Amino acid sequence: WVALETAAGRVARDMNSQNLANALWASATLFTLRDVEHPPCYAAMWDLVCGLKVTDFSGEELGMLFHVHLMHHLSSSSGSVEVPYPAWSMVDAQDAWMRNVRDGITVSRSHRALASVIGELGIRHELERVTGDGCFSMDIYLPEYDVAVEFDGPSHYYHSSASSSLRDASKMLRTAKTELRDCLLAKQCAKVVTVPWFEWRDTGSTVEKRRAYVREKLAKEAGVEGAKNKEDPAAAMKAAAGKQAKKAVVESGSDSDGGGSGSGSGSGSGSGS
């Protein structure tokens, strides 16, 4: 890391817009997620950004710069370096970021299946709820608990070993972007619960197993006791049907007993006469 810092400081003045956006994003990410101090050239790189025009940056680069701003603003500390922001960072860069949030909203089949299970557990939820500041979209939001539920597909993970299998969950690590999402999203709601695609896969296609998995995960990680205590709709229907059948048998037996008693009484009465 020291070598990288030295190299970055040496070439900082010659960086183009893409180099600057990449270097600033990488440094801010390491600081936010791993408490790695910003390099000495960090402030100098921001000075270079301030000296450029908004048209010097692509939409993706503008989004990266605003992402860095969010890390400074939403993380526990803005770091040991106070940096100036160009005037356009809170207009054009923010617009680029929020446009990406809106355009990036997709609902996969697994995502929708997870939401369906949450609904079956009797938990009110919203799909792709955008946060109040418009900076993030939550896959599934539980308004009664202020909990965000994120379904993380394969693109949210990478393998720690090149030889590891796709089925080897122990070798899977979350990407920095995914970690950042959870870190920053946690500032927007009470709790963030992630559902890894390989855990969802391992529940199979059995409805009961999926309900049990979601119920336990929400209760354990977010204290959503409503999910834990809600009765399984299918089980509730089955139990109700069983009670109804039992009641019918009891009523049927009572009718038979009443008829026999009447008959015996009548017979005895007749005999007595």
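Basis for what follows: all heavy atoms, side chains included, without hydrogens, waters or symmetry-related copies. Each residue takes its place number in the sequence, starting with 1. Note that the coordinates shown come from a computational prediction; the quantities given were computed from them, not determined experimentally.
- When every heavy atom of Ala148 is checked against every heavy atom of Met138, the shortest pair comes out as CB-SD, 3.4 Å.
- We find the CZ-CZ distance between Arg99 and Arg102 to be 7.0 Å, quoted to the nearest 0.5 Å.
- A centroid separation of less than 6.0 Å is found between the aromatic rings of Tyr85 and Trp46.
- Atom CD of Glu60 has 12 or fewer heavy atoms from other residues, nucleotides or ligands within 6.0 Å.
- Placement of Leu33 and Leu74 within a single hydrophobic cluster is found when ILVMFWY residues are connected by side-chain heavy-atom separations under 4.5 Å, directly or transitively.
- At distances below 3.5 Å, not a single donor-acceptor pair connects side-chain atoms of Asp103 with backbone N or O atoms of Asn100.
- In this structure, the ring of Trp25 has its center no less than 6.0 angstrom from the ring center of Phe66.
- A 4.5 Å side-chain heavy-atom check between Tyr213 and Leu218 finds every atom pair outside the cut-off.
- The side-chain heavy atoms of Val147 and Val149, taken from C-beta on, include a pair separated by under 4.5 Å.
- Ring pair Tyr42/Phe31: centre-to-centre distance not below 6.0 Å.
- Within the 4.5 Å cutoff, the side chain of Thr131 has no heavy atoms near those of the Ser137 side chain.
- Taking a cutoff of 4.0 Å between a charged side-chain nitrogen and a carboxylate oxygen, Asp182 and Arg174 qualify as a salt bridge.
- Cys135 is listed as a side-chain neighbour of Leu70, based on a closest heavy-atom distance under 4.5 Å.
- Rounding to the nearest 0.5 Å places CG of Leu24 at 14.0 Å from NE2 of His69.
- With rounding to the nearest 0.5 angstrom, the CD1 atom of Ile140 is 10.5 Å from the CD1 atom of Ile123.
- Scanning both residues, Leu48 and Ala12, for their nearest heavy atoms gives CD1-O, 3.0 Å.
- Note that CH2 of Trp197 and CZ of Phe151 are 9.0 Å apart. Values are rounded to the nearest 0.5 Å.
- Here the closest non-hydrogen pair linking Ala23 and Met45 is CB-SD, 3.7 Å.
- Of all non-hydrogen atoms in Leu62 and Asp92, the two that sit nearest each other are CD1-O, 4.3 Å.
- No side-chain donor-acceptor contact under 3.5 Å links His156 and Thr175.
- Side chains of Gln188 and Asp133: a donor on one and an acceptor on the other come within 3.5 Å.
- In this structure, the side chains of Arg124 and Tyr141 stay at 4.5 Å or more apart for every pair of heavy atoms.
- Hydrophobic clustering (ILVMFWY, side-chain heavy atoms < 4.5 Å, transitive): Val54 and Leu52 are in one cluster.
- Using a 4.5 Å heavy-atom cutoff, the side chains of Leu114 and Arg210 are not in contact.
- Checked for salt-bridge contact, Glu179 and Arg34 meet the test: a charged N lies under 4.0 Å from a carboxylate O.
- How far CZ of Phe57 is from CG of Leu65: 5.5 Å, rounded to the nearest 0.5 Å.
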Task: Thr29 vs Thr32, side chain to side chain donor-acceptor pair (under 3.5 Å): CA-CA, chis, key distance, verdict - done: CA-CA 5 Å; Thr29 297; Thr32 302; over 6 Å; no
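- The shortest side-chain heavy-atom distance between Pro196 and Asp152 does not fall under the 4.5 Å cut-off.
- No single ILVMFWY cluster, assembled from side-chain heavy atoms under 4.5 Å apart, contains both Met98 and Val91.
- Glu221 and Lys191 are not joined by a salt bridge, as no carboxylate oxygen comes within less than 4.0 angstrom of a charged side-chain nitrogen.
- Linking Ile, Leu, Val, Met, Phe, Trp and Tyr whenever their side-chain heavy atoms come within less than 4.5 Å puts Phe198 and Trp200 in one cluster.
- Transitive grouping of hydrophobic side chains (ILVMFWY, heavy atoms separated by less than 4.5 Å) keeps Leu180 and Val130 in distinct clusters.
- Crowding of Glu216 atom CD: a count of heavy atoms from other residues, nucleotides or ligands under 6.0 Å not exceeding 12.
- No side-chain heavy atom of His111 sits under 4.5 Å from any side-chain heavy atom of Val195.
- Under the 3.5 Å distance criterion, with hydrogens and angles disregarded, no donor-acceptor pair is assigned to the side chains of His67 and Trp97.
- Taking both residues in full, the closest heavy atoms of Ala21 and Met64 are given as O-CE, 3.7 Å, listed atom of the first, atom of the second, then distance.
- The closest side-chain donor-acceptor pair between Glu150 and Thr194, if any, does not fall under 3.5 angstrom.
- Under the 3.5 Å distance criterion, the side-chain polar atoms of Asp146 are matched with a main-chain donor or acceptor of Ala190.
- Minimum heavy-atom separation, Leu142 to Val224: CD1-CG2, 4.4 Å.
- With Thr203 contributing its side chain and Lys209 its backbone, the two residues share no donor-acceptor pair below 3.5 Å.
- The distance from atom CZ of Arg112 to atom CG of Leu127, rounded to the nearest 0.5 Å, is 6.0 Å.
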